[in-house]
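Here the structure comes first, spelled out in structure tokens, and everything after it is commentary.
Residue numbers start from 1 in every chain, and the chains themselves are labelled A, B, ... in the order their sequence lines are given, proteins ahead of strands.
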Amino acid sequence: MGMGVAVRNRIAKRAAKEIHDGLIVNLGIGIPTLVADHVPPDIHVLFHAENGVLGTGPSPNQGEEDPALCNAGGLPITTVMGASYFDSAAAFGMIRRGYIDITILGALEVSETGDLANWIVPGKRVPGMGGAMELAQKAKKVIVLMNHVNKKGESKIVKTCSLPLTAKQSVDMIITEMAVMEVTKEGLILKEVMAPYTVEDVMAHTEATLKIGATVHSIE
Amino acid sequence: MGMGVAVRNRIAKRAAKEIHDGLIVNLGIGIPTLVADHVPPDIHVLFHAENGVLGTGPSPNQGEEDPALCNAGGLPITTVMGASYFDSAAAFGMIRRGYIDITILGALEVSETGDLANWIVPGKRVPGMGGAMELAQKAKKVIVLMNHVNKKGESKIVKTCSLPLTAKQSVDMIITEMAVMEVTKEGLILKEVMAPYTVEDVMAHTEATLKIGATVHSIE
Amino acid sequence: MRQVISKKNKVVTLEEAIEYITDGCTLMYGGFGGVGTPPTLIQGILDKGVKDLTLIGNDTGFPDIGIGRLVTLERARKVIASHIGSNPNAGRLMTEGRLEVEFSPQGTLAERVRAGGVGLGGIFVDVGIGTIAEEGKNNIIIDGKAYLAETALTAEVSIVYAKKADPLGNLVYDKTARNFNPLVAMAGAITIAEVEEIVPVGALDPECIATPGIYVDMVIPTKGVNWKWAWE
Amino acid sequence: MRQVISKKNKVVTLEEAIEYITDGCTLMYGGFGGVGTPPTLIQGILDKGVKDLTLIGNDTGFPDIGIGRLVTLERARKVIASHIGSNPNAGRLMTEGRLEVEFSPQGTLAERVRAGGVGLGGIFVDVGIGTIAEEGKNNIIIDGKAYLAETALTAEVSIVYAKKADPLGNLVYDKTARNFNPLVAMAGAITIAEVEEIVPVGALDPECIATPGIYVDMVIPTKGVNWKWAWE
């Protein structure tokens, strides 16, 4: 994502606030993986990984990794008490049936109506959709963590996605290094601004029609 | 089936001869259940039951029944070493995918082309098809055990089934108290006659076009 | 109603669980000839007087065994099953026009329930082609071969019977009492598990959990089977 | 060829197993990012020089990990997978027109493999509606809702990796190395399991067998992973 560790953790920390007691959460690769570290220990969450485990725990200590125990990104994990293993068809059964309360993933573009594009750059990179279509289309709440702008400085939050879609009208919340935005029936609403950015900075770097929420909080 | 124990066992014994080493076999309710008792102990067979077990063994002794261990007919069973339990979707996955080498079941009518009718008598009895459609359509070899004639004395081996079908062109072999017949590309062939019946007796009680095999064996 | 149920300790009383089973609801049940059908929940439904149920399960049990008890006492207006032969009351009520019965081949039924449980619209399958089982179904041709489109089944409430549960609702079953239970557990909007034993979180081997707790909303301890098996 | 394989003792040598994997065949493999992909069988395929494979599996591993080793050395002419991002060689070969790639959403791919394994024609699912993933697929409307018809996948040979096997081919897996393996095991006309340990018949708990031996034709002992994991 081309951003420093501090910024990545700041975004992850903000995302962690969305995770309430009792929820089932799926974390994508990249910044989303960091979110788990910011969930307070008194909050009971079951983390789901689509390769086939419910109840993942913290990363193992170095040297204690088990090659047979990884998350969907291939990184070593641990599990918590009450965890279960199953095959990938069962893992996606849980997703399609709507049991994932929150999914947190990255994106190339998000439109103001919540369309998500994160699996293909025509003529350049075609990594494949992996499990993103299911997660974006079926999770109860979809949170995107990403840079506000791309490497050319162009807004990744757009009126209409130019890249092929992963899922239509699926994103509920976008958290970037600059701001927190929510996709609502009334449109895309700016809810919070990350210091040192201002509301004006965010508006200037957002192509989508972004409405300023009644109370825009500032995050230090 | 309205026949005595001796006759039922004779039919079951003849059916057991079709079971060779290494096969996977599914037995229906009624006479087919008796077949297992007639398979020699040196023959390694895995019996499959569609409620969800592979590797059923002999009936338990009285008083040693386990209510959680039954065959598809609801009768207590045991298991052999190497058995496995699974859900009914997995059990039928094995059937549909063609892993059942032999299925042995009862019938109301069988046509000379191997059509099977065994699940409904319009206006009278509508018990439902259960798993018979999958077994008849998908098992590599389908053996029907039944009375040669119905209660009215009419042949159950017919030119064309009058009852609703369970599966078309599925039956490979019919064993009755009178005879053993095979459905082949050349038609329905009489292979064996059970004493004291004669070839003429069998022909007289069979509505279907029954060809007399090159060598009709007699079974004492 | 799902939101009010705790996700950390799903153990409730029979009375709390039965609240979710109401007149006219669609009720899916585990079991095969009564084996693996939850006896205490069936008794609770009977005692509450719930009626006009749409029942979805493999079979209608026996007259006094399993789901058959509800059928015999005419608590259902419709049944979706693969066979009703072991419960003559079901056949009689159907003939009398007092019980609607929809048949599916057993394996197709299992897959329809599973499809509902894993969020599919349905399956296509060639079982029943050339029989009356294909009546009223969409045909689809793939690579020149005909299949029937069979739709997914779900239920407002699913009831299952398991050997052990932990408070998170993780389940393991007992031998052939597993049968339709793991499929039914997935297909209910609300799923209630009746279990022989409740063990602490962490006591079940994560490799051997047949139904992850994500699918289970409530767990009740069983009072045991209150019928005599046909073979007894 | 299936008939020549013993059903009572399925343990064979690597050489015997690799005989069944031939130029141009359709090969399905277990694993997720290389975790759970059988290393010894991959090495055997490389050593035999098998080429023109059609590969079906979740992903194309990493350049030197799992199935990625076959892709990197251009032993495949086609891949059906859900993503290839972790193996840049796959993307490069695709761009150069030397590797055909067909994408399925991951959960749809899992269900297509399972459908093949359990003898269904396919599934219908609403994932990917409104995206380019729906191109070229049949649409079906059920109760006013649109679904895509997704066809079943099978293979001439499936290779899987398991923790333990008995001589009958019953398998148990290890944690998240299970992933696609139980599905892939069902979908192969011939299925070869590479395992960490071979135990006597009866040593596996019948309740915990993830893949019944009915689906497995051959078992070989693993020589262990011969690559370095990305995180190492």
Please state whether the side chain, the backbone, both or neither of [X] comes within less than 4.5 Å of a heavy atom of chain B.
X        : value
C/Phe32  : side chain
C/Asp59  : neither
C/Pro182 : side chain
C/Leu183 : side chain
C/Val125 : side chain

Could you check whether [Y] and [X], counting side-chain N and O atoms only, form a donor-acceptor pair closer than 3.5 Å?
X        : Y        : result
C/Thr191 : C/Asp217 : no
B/Lys168 : C/Thr131 : no
C/Arg178 : C/Asn181 : no

**Q.** Inter-residue atom distance C/Glu102.CD - C/Ser82.OG, 0.5 Å rounding
**A.** 12.0 Å

Q: Decide side-chain hydrogen bond (donor to acceptor under 3.5 Å, both in side chains) for C/Thr108 and C/Glu150; before the verdict, give the C-alpha distance in whole Å, the side-chain angles of both, and the deciding distance to 0.1 Å.
A: CA-CA 8 Å; C/Thr108 297; C/Glu150 296 272 7; 4.6 Å; no

In terms of heavy-atom proximity below 4.5 Å to chain C, should [X] be classed as side chain, backbone, both, or neither?
X        : value
B/Pro67  : both
B/Glu50  : both
B/Thr79  : neither
B/Ala72  : both
B/Gln137 : side chain

So does [Y] get a backbone contact from the side chain of [X], meaning a donor-acceptor N/O pair under 3.5 Å?
X        : Y        : answer
B/Asn26  : B/Thr103 : no
C/Ser158 : C/Gly188 : yes
B/Asn147 : B/Asn150 : no

Residue selection (most heavy-atom pairs with chain C, distance under 4.5 Å) from [options]:
options                              : value
B/Gly52, B/Gly128, B/Ala68           : B/Ala68
B/Pro76, B/Gly74, B/Gly73, B/Ala167  : B/Pro76
B/Ala91, B/Cys70, B/Ala132, B/Pro164 : B/Cys70

**Q.** Reference residue B/Met173; test side chain to side chain contact (heavy atoms under 4.5 Å, CB included); the match among B/Glu18, B/Lys191, B/Met181
**A.** B/Glu18

